[in-house]
Amino acid sequence: MHVVVNAAMSADGKLSTRRREQIAISGTEDFDRVDQLRADSDAVMVGVGTVLADDPSLTVDDPDRQAARTNAGKPANPARVVADSRIRTPPDATVLDDQAATYLLVSEAAPTDFIEEMEAAGAYVIATGQDRVDLTTALAKLEGEGVDRLMVEGGGELIAGLFEEGLVDELSVFVGPTIIGGRDAPTLVDGEGFVEEFPELSLQGVERLGDGVLLRWTL
């Protein structure tokens, strides 16, 4: 599986405010780039915190891109994946609608009634790990379901977990012309942080988009 992490952050490295409220960091050019990334992916993944804060659809916006997918024998939208170790996904979340298949990653400690509720809402539930999702095993199971290219859109805790497990192949970040600040505001990579064996990146491209800049690395 090829894993691409994509995010937009402020000039000071924040994904949103300390209130975890979504704000506009990028603009039209970057939105179009992200839509193409989604169209090129087999699945789009977020953490449950993103679902609770933004209630995203994670679908492709451009009808022409959807048509290109269907002409290639694929669903109009990539599958959606939600990592939810703490079983917080609401049954009325937009990612559970009928616009695309949705995989919910939970730990083996998830209650049976929660799993049944999610399956009734249309999700395919994958349980791995004792107390939190075992991302390595979960992604291997997704690969067995035909997910060869996975796009990850956040948030910081999920991205941190993927880096910790050495699962990231590419990182693309739009850095916008905004200062958010706040010691409690989420960053691109949250979690416990690294004190040694830091992930090493190789810069592949720098591109100006409006008043921001797109940075692309491989690992």
Engineer: Decide yes or no for P186 and R20: does some side-chain heavy atom of the first lie under 4.5 Å from some side-chain heavy atom of the second?
Structural biologist: yes

Engineer: Enter the distance from L219:CG to S202:OG here, rounded to the nearest 0.5 Å.
Structural biologist: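 So the CG of L219 and the OG of S202 are separated by 9.0 Å.
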
Engineer: side-chain hydrogen bond (donor to acceptor under 3.5 Å, both in side chains), that's the test. Do T136 and E165 meet it? Break it down for me.
Structural biologist: CA-CA 7 Å; T136 300; E165 296 297 320; 3.2 Å; yes

Engineer: How close do D84 and F114 get, counting heavy atoms only, and between which atoms?
Structural biologist: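 Closest pair (atom of D84, atom of F114, distance): OD2-CZ, 3.7 Å.
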
Engineer: Step by step, work out the side chain to side chain contact (heavy atoms under 4.5 Å, CB included) result for T128 and L105.
Structural biologist: CA-CA 7 Å; T128 62; L105 311 183; 5.9 Å; no

Engineer: Quick check: does any side chain N or O of D12 sit under 3.5 Å from a backbone N or O of G181, one acting as donor and the other as acceptor?
Structural biologist: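 Checked: pair present.
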
Engineer: Do L167 and F194 land in one hydrophobic cluster if side-chain heavy atoms of ILVMFWY residues count as linked below 4.5 Å?
Structural biologist: yes

Engineer: Indicate whether the side chain of S85 and that of R132 have a donor and an acceptor atom separated by less than 3.5 Å.
Structural biologist: no

Engineer: Under 3.5 Å, side chain of R149 to main-chain N/O of A43, donor-acceptor pair present?
Structural biologist: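 Not a single qualifying donor-acceptor pair exists.
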
Engineer: Counting C-beta onward and ignoring hydrogens, is there a side-chain heavy-atom pair between V173 and L188 closer than 4.5 Å?
Structural biologist: yes

Engineer: Does K14 reach the main-chain N or O of M9 with its side chain, forming a donor-acceptor pair under 3.5 Å?
Structural biologist: no

Engineer: Taking only Lys NZ, Arg NE, NH1 and NH2, and the carboxylate oxygens of Asp or Glu, determine whether E153 and R38 approach each other closer than 4.0 Å.
Structural biologist: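 Yes, E153 and R38 are salt-bridged.
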
Engineer: Are the side chains of H2 and D148 in touch, meaning some heavy atoms are under 4.5 Å apart?
Structural biologist: no

Engineer: Taking atom types as modelled, is there a side-chain donor on Q36 or D40 under 3.5 Å from an acceptor on the other?
Structural biologist: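 Q36 vs D40: donor-acceptor pair found between side chains.
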
Engineer: Would you call R69 and D42 a salt bridge, using N to O less than 4.0 angstrom?
Structural biologist: no

Engineer: Sub-3.5 Å donor-acceptor pair from the side chain of T50 to the main-chain atoms of V46, do we have one?
Structural biologist: no

Engineer: Just by modelled atom types, is the G210 backbone N or O under 3.5 Å from a matching donor or acceptor in the E29 side chain?
Structural biologist: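 Checking the backbone N and O of G210 against the side chain of E29, a donor-acceptor pair under 3.5 Å is found.
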
Engineer: Please answer whether the main-chain N or O of A67 pairs with a side-chain N or O of N71 as donor and acceptor at a distance below 3.5 Å.
Structural biologist: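 Checked: pair present.
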
Engineer: Using only heavy-atom distances, determine whether the side chains of D131 and S107 contain a donor-acceptor pair under 3.5 Å.
Structural biologist: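 Result is no, nothing qualifies.
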
